[in-house]
Student: 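Have a look at this one.
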Amino acid sequence: QVQLVESGGGLVQPGGSLRLSCAASGSIFSINAMRWYRQAPGKQRELVADITSDGSTNYVDSVKGRFAISRDNAKNTVYLQMINLKPEDTAVYYCNALICHSLTSLVRNYWGQGTQVTVSS
């Protein structure tokens, strides 16, 4: 069994900051890419940022310079630091990770349950 558990969402004013965390646990042999997606009401889920096992990162253009993705491999945790938040950042944020299961050796994508981020005055 593998689980991803997110935390850190909430309500913040425009210009504010939040830090999301996502911890993976269970029968994990290794974790490859880790990603943050978001889905706003009435919109498709979009990839916000991703980070490889060696630390290479990519961002969607709308968050470049404001969001930073990082990971702690010892803790199987990925973070998303968000600054200068805008109302258009309002969405449910989902953690995603490509994980090799320690018992089956199968590699598959796992998803967290999502955490709400609301940017409003």
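Positions are given from 1, in the same order as the sequence printed here.
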Student: If every non-hydrogen atom of Q113 is compared with every non-hydrogen atom of V5, which pair is closest and at what distance?
Tutor: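 Minimum heavy-atom contact is OE1-CA, 3.9 Å.
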Student: Hey, does the Lys NZ or Arg CZ of R38 hover above the aromatic six-ring of Y94, less than 6.0 Å from the centre and inside 45° of the axis?
Tutor: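 No, R38 does not sit over the ring of Y94.
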Student: Calculate, to the nearest 0.5 Å, the distance between atoms CG and OH belonging to D50 and Y37 respectively.
Tutor: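 So the CG of D50 and the OH of Y37 are separated by 8.0 Å.
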Student: Taking atom CD as the centre, does Q1 end up with more than 12 heavy-atom neighbours from other residues, nucleotides or ligands that are less than 6.0 angstrom away?
Tutor: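 Count not over threshold, so no.
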Student: Contact between N32 and V107 at the side-chain level, heavy atoms closer than 4.5 Å - yes or no?
Tutor: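 A side-chain contact under 4.5 Å exists here.
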Student: Roughly how far, to the nearest 0.5 Å, is CE of M34 from CG of N73?
Tutor: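 One gets 8.0 Å once the value is rounded to the nearest 0.5 Å.
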Student: For the CH2 atom of W111 and the CZ atom of R35, what is their distance to the nearest 0.5 Å?
Tutor: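 W111 CH2 to R35 CZ: 8.0 Å, rounded to 0.5 Å.
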Student: Once rounded to the nearest 0.5 Å, what's the spacing between atom OG of S25 and atom NZ of K75?
Tutor: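 It comes to 14.5 Å.
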Student: Within the structure provided, determine whether S120 and P87 are in side-chain contact (heavy-atom separation under 4.5 Å).
Tutor: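 A side-chain contact under 4.5 Å is absent here.
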Student: Do NZ/NE/NH1/NH2 and the carboxylate oxygens of D89 and K86 come within less than 4.0 Å?
Tutor: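 K86 and D89: not salt-bridged.
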Student: Counting C-beta onward and ignoring hydrogens, is there a side-chain heavy-atom pair between N76 and I28 closer than 4.5 Å?
Tutor: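 Side chain of N76 against side chain of I28, heavy atoms only: contact under 4.5 Å found.
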Student: Please find out if less than 6.0 Å separates the ring center of W36 from that of F67.
Tutor: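 Aromatic pair excluded; centres sit 6.0 Å or further apart.
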Student: Measure across T52 and R71 and return the closest heavy-atom pair with its distance rounded to 0.1 Å.
Tutor: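 Closest approach of T52 to R71: O-NH1, 3.0 Å.
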Student: Going from CG on L80 to CD1 on I69, what distance comes out if it is rounded to the nearest 0.5 angstrom?
Tutor: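 If we round to the nearest 0.5 Å, L80:CG and I69:CD1 are 6.0 Å apart.
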Student: What's the shortest heavy-atom distance between G9 and L20, and which atoms?
Tutor: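 Scanning both residues completely, I find the closest heavy atoms to be N-CD2, 3.6 Å.
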Student: Considering the options L4, L98, N96, which one meets the side chain to side chain contact (heavy atoms under 4.5 Å, CB included) requirement together with Y110?
Tutor: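 Answer after filtering L4, L98, N96: L4.
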Student: Is a side-chain N or O of T115 found less than 3.5 angstrom from the main chain of E6, in a donor-acceptor match?
Tutor: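 Not a single qualifying donor-acceptor pair exists.
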Student: If you apply the rule side chain to side chain contact (heavy atoms under 4.5 Å, CB included), what do you find for C95 with V78, and how did you get there?
Tutor: CA-CA 8 Å; C95 172; V78 63; 3.8 Å; yes
Student: State, to 0.1 Å, how close L18 and Q81 come at their nearest heavy-atom pair, and which atoms those are.
Tutor: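 For L18 and Q81, the tightest heavy-atom pair comes out as O-NE2, 3.5 Å.
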Student: Same cluster for V92 and V63 if Ile/Leu/Val/Met/Phe/Trp/Tyr side chains link at under 4.5 Å?
Tutor: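 Result: no, two separate clusters.
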Student: Evaluate V60 against L47 for side chain to side chain contact (heavy atoms under 4.5 Å, CB included), listing each step before the verdict.
Tutor: CA-CA 7 Å; V60 68; L47 176 61; over 6 Å; no
Student: If you round to the nearest 0.5 Å, how far is OG of S27 from CG of L103?
Tutor: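 Between atom CG of L103 and atom OG of S27 there are 4.5 Å.
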Student: What are the two closest heavy atoms between R66 and N84, and how far apart are they?
Tutor: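 Reported closest heavy-atom pair: NH1-O, 3.0 Å.
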Student: Considering non-hydrogen atoms only, spot the tightest contact between A91 and Q116 and give its length.
Tutor: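 Reported closest heavy-atom pair: O-NE2, 3.4 Å.
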Student: Would Y79 end up clustered with M82 when hydrophobic side chains under 4.5 Å apart are linked, directly or stepwise?
Tutor: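 No: no chain of side-chain contacts under 4.5 Å links Y79 to M82.
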